[in-house]
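Computed from a prediction, not measured in an experiment: that's the story for all the values here. Atoms considered below: every heavy atom in the structure, side chains included; atoms not considered: hydrogens, waters and symmetry mates.
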Amino acid sequence: MTNTTAVRLAALLGFLAVTLGAFGAHGLKDTLAQHDAVAIWEKAVFYHFIHAVMLFVLGRRRPVESGPWLSFLAGIVLFSGSLYLLALTQARWLGAITPLGGVSFLVGWLWLALRAPKATS
């Protein structure tokens with residue numbers, strides 16, 4: 001993956017996080033309240049946005065660290081995506097997918113911790 005592609009996808013995911021946050025707060029306000037799912041939607045947006053920023057940061061590194069980048073992308077899709085759908089549909093089986101996204105986030109962070117550059121004296 002090129003840096004340009006990684007940064008563009010990250011920026012689009014950031015845009016989507018802001019859009020979904022605003023849509024949840026305004027356009028879906030009544031639906032989310034009716035489903036008692038405002039907190040679920042907000043959690044999905046929060047993790048989506050934080051990891052979109054990380055995708056942007058990783059996309060600016062040369063070369064792109066594709067392992068953590070793809071782990072964070074999978075986390076956004078699985079964790080936030082399942083929570084968005086759960087909040088809208090109340091399909092409780094989606095809750096079984098959410099932890100897979102959480103594991104993807106953890107893998108990305110651990111990957112970064114283990115691959116941290118060594119300090120030079």
Compare every heavy atom of [Y] with every heavy atom of [X], then report the nearest pair and how far apart it is.
X	Y	answer
Phe56	Val7	CE1-CG1, 3.4 Å
Leu32	Gly24	CD1-O, 3.6 Å
Leu88	Leu28	CD2-CD1, 3.7 Å
Ala6	Gly59	CB-CA, 3.7 Å
Trp69	Ala10	CZ2-N, 4.4 Å
Ala44	Leu83	CB-CB, 3.6 Å

Are any non-hydrogen side-chain atoms of [X] and [Y] less than 4.5 angstrom apart?
X	Y	answer
Trp41	Lys29	no
Leu112	Leu58	yes
Thr5	Val64	no

As an exercise, state the distance from [atom1] of [X] to [atom2] of [Y], rounded to the nearest 0.5 Å.
X	Y	atom1	atom2	value
Trp111	Ser104	CH2	OG	11.0 Å
Lys43	Ile40	NZ	CD1	10.0 Å
Thr2	Arg62	OG1	CZ	9.0 Å
His51	Ser71	NE2	OG	10.0 Å
Leu9	Leu55	CG	CG	8.5 Å

Hydrophobic cluster membership, [X] vs [Y], 4.5 Å side-chain cutoff:
X	Y	result
Leu78	Trp109	yes
Phe72	Leu100	yes
Phe15	Leu20	no
Leu73	Val53	no
Leu70	Val107	no

Self-check item: OH (Tyr84) with more than 12 external heavy atoms under 6.0 Å
Solution: yes
Self-check item: Over 12 foreign heavy atoms within 6.0 Å of CZ, Phe105
Solution: yes
Using atom types as modelled and distance alone, determine if a side-chain donor or acceptor of [X] lies under 3.5 Å from a backbone N or O of [Y].
X	Y	result
Asn3	Pro63	no
His48	Leu13	yes
Ser80	Val77	no

